[in-house]
Novice: 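A single structure is presented below for examination.
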2 protein chains.
Amino acid sequence: MSTIKDVAEAAGVSIATVSRALHGLPRVSEATRQRVLAAAAELRYVASPSAASLASGQTNAIGVVAPFVNRWYFAAIVHSAEERLRMAGYDLLLYSLGTDAHERRRAFSGTLLRKRVDGVLVLGLHPTAEEAAALSAVGGPVAIVGADVPGWASVRIDDADAARCAVRHLLGLGHRRIGFIGGADPLHTAMPADRRTGYRAELAAVGLPDTSGLEAVGGFTVGGGYAAAVRLLALPDPPTALFAASDEMAMGAVQAARRAGFRVPEDVSVIGIDDHEMAELMDLTTVAQPVVAQGVLAAEMILTALTDPERPLPAVKVPTELVVRGTTGPAPG
Amino acid sequence: MSTIKDVAEAAGVSIATVSRALHGLPRVSEATRQRVLAAAAELRYVASPSAASLASGQTNAIGVVAPFVNRWYFAAIVHSAEERLRMAGYDLLLYSLGTDAHERRRAFSGTLLRKRVDGVLVLGLHPTAEEAAALSAVGGPVAIVGADVPGWASVRIDDADAARCAVRHLLGLGHRRIGFIGGADPLHTAMPADRRTGYRAELAAVGLPDTSGLEAVGGFTVGGGYAAAVRLLALPDPPTALFAASDEMAMGAVQAARRAGFRVPEDVSVIGIDDHEMAELMDLTTVAQPVVAQGVLAAEMILTALTDPERPLPAVKVPTELVVRGTTGPAPG
DNA sequence: CTGAAAGCGCTTACAG
DNA sequence: CTGAAAGCGCTTACAG
């Protein structure tokens, strides 16, 4: 492995000049620059990131903290953010937490991130004030997707709004008994509470404030959504529509309804939130959120903050959109 | 941010002793070690990874090269490998290539990885001999999932075998006109060819060597599988069964069949490979492959190679298993 | 435009 | 058991 010294010798200049030439800094003559570039290419020189970091104080890496990478929402955002960050020359360090509280503590304490990344991208987690402070102390800019935290850049949808939109759609179809399948996420994902709030608010607005018995926990998985729907549909007076706080839970609910002998949407309507990649396939009505855009936007917020630390960090809400497909229809009777 | 010097002063020892104590090396008295640990905790000291790497020559990071992270197979493997590697104290650097040939070249050339990681995990790609040589030149051990490369550790399923198993299931149900929906992946994923080979071989073995006109390209996406199925089912003499080289394509095929007025499985059977997380929900018959196990196994191969560079690198094939669900049934007529 | 030199914060033989 | 010191490979003022 060649070092900067080898390149310097080959080009007949000092290592300082090699460094400048390779970084495209001014105050290097064109002739020298060409000689250096040629020598570097010839020797297949790659600068040592460790040495560069140590000397410059920058790591050229961004940490991504997410509860999972193997769920549609997170995978899509990681993918789009990675693409944007790599374009800008940054590496991506992945920290997926799973459901382990200990891992979460480690990640947010900064032990894992400190001195290792220039900035942090947090996905779909709702940090406590303490955690937020700890992560901020890591140093670089932090951007969060799916929630907002004072002092951080953020990009998210309006969860309460999205939920109200879904419920409004069902109300418009004549439904009055509308069940909710929500989260109860051990990792404090931001959305469950807000989406439930929206659900309740929209029903209260039309004089249906009593949702007791109509709410079930789905844990944001297909299986959880399935189980929750089974429970709600087994009620003596079952709901005629189910609103799930995510498409994955909604898909589980559709399947549960069909297996229990309900026709969808004739006997029971189902709506989700996301517009998951499989939603069209399952003909699922949903409130779509733009994931690629959120990932790219968050990445760009970090990049901007990195080049211009003075600029205030933006908090953006991206719009959602009702996508009507085949799992919702007029209330029966 | 405190440095090793701060800890040394606080504990009243040299930085060499701090380093030893913190790494749990021998030749440090218990009393000293405790004093150092206390001082480090007090100062919230975190060692600089850059400095440590530069001095030790190890990065404590593993690079993961994958074409995508937002597809079930890759996301699941990344997730499980990450968990295992982090347990061992390694960071994960993510390089997702997308479909960009230029990105692929960069990743495999080693420019991105050299001096940056101790080992590399390659997922679902079939490197050319040239690319393999370039990646090997990066230095550390390389493990590959979903293919095998001489000189690398590998873990995969037997793709031809899995395909034959799927086709055998269909033959056993009396099907004779069996369509194939395969890959044509711009990134040279390993599997398409092998799975097609298995499909052809199994048919040839029962005297049905002519598959011309029965093969279609699905690109490993739901939409691609849908389009491929539309084409095959529009044939004058359409197949009575479809074998898709992945569950995502199979799901698309099921939907396409239903929308075209075919009952599944009465009119047409569909089988995939994977046991995708949504496969049960869609009641899809498939040949299951263990993804979590493959990710963990590959991670462990790298860890072993890192601690014991002498040991020969294993090439493991993990078993697959036919999972019969509701999308396959007896051939009509 | 270019170079000599300090310094980034560690690890690791080498002495003792 | 402990410390002084060299060295890892860069970047970046500072001179010239």
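Here is how names work: the chains are called A, B, and so on, in the same order as the sequence lines, proteins then strands, and each is numbered from 1.
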Novice: Does any residue of residues 32-42 of chain B have a heavy atom under 4.0 Å from DNA chain C, and if so, which ones, in number order?
Specialist: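 When residues 32-42 of chain B is checked for heavy atoms under 4.0 Å from DNA chain C, there are no hits whatsoever.
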Novice: Which dot-bracket notation, 5' to 3', represents the base pairing of DNA chain D when pairs are defined as Watson-Crick or G-U with both distances under 3.5 Å, crossing pairs as [ ], and inter-strand pairs as |?
Specialist: |||.||||||||.|||
Novice: Among residues 12-20 of chain B, which contact DNA chain C at a heavy-atom distance under 4.0 Å?
Specialist: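 Contacting residues: B:I15, B:A16, B:S19, B:R20.
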Novice: Under 3.5 Å, side chain of B:S80 to main-chain N/O of B:A76, donor-acceptor pair present?
Specialist: yes
Novice: Does this structure show an ion pair linking B:D148 with B:K317, if we count only N-O contacts that are shorter than 4.0 Å?
Specialist: no
Novice: Indicate yes or no: does B:E131 engage B:R105 in a salt bridge with an N to O separation below 4.0 Å.
Specialist: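 Here B:E131 does not pair with B:R105 in a salt bridge, since their nearest N and O are not under 4.0 Å apart.
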Novice: Check whether any side-chain N or O of A:E82 sits under 3.5 Å from a backbone N or O of A:V78 as a donor-acceptor pair, and report yes or no.
Specialist: no
Novice: Let me know, please, whether B:E30 or B:L54 comes out on the 5' side of the other along DNA chain D by nearest nucleotide.
Specialist: B:E30
Novice: Under 3.5 Å, is there a donor-acceptor pair linking the side chains of B:S29 and B:T32?
Specialist: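 A donor-acceptor contact under 3.5 Å links the two side chains.
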Novice: Please list all pairs meeting salt bridge (charged side-chain N to carboxylate O under 4.0 Å, His left out) that have one or both residues in residues 290-303 of chain A, counting only residues at least two apart or in different chains.
Specialist: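 Residue pairs with at least one partner in residues 290-303 of chain A: A:R84-A:E300.
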Novice: Mind checking which nucleotides bracket the chain A contacts on DNA chain D, 5' to 3', with an atom under 4.0 Å from a heavy atom?
Specialist: D:dG9 to D:dA13
Novice: Which residue pairs pass the salt bridge (charged side-chain N to carboxylate O under 4.0 Å, His left out) test with at least one member in residues 12-37 of chain B, sequence neighbours excluded?
Specialist: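 Applying salt bridge (charged side-chain N to carboxylate O under 4.0 Å, His left out) to every pair that reaches into residues 12-37 of chain B, excluding sequence neighbours, yields B:E30-B:R33.
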Novice: Using 0.5 Å steps for rounding, measure from the CG atom of A:L97 to the CZ atom of A:R104.
Specialist: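 If I round to the nearest 0.5 Å, the distance is 7.0 Å.
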Novice: Does A:F74 have A:R71 sitting over its ring (NZ/CZ under 6.0 Å from centre, angle to axis within 45°)?
Specialist: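 No, A:R71 does not lie over the aromatic ring of A:F74.
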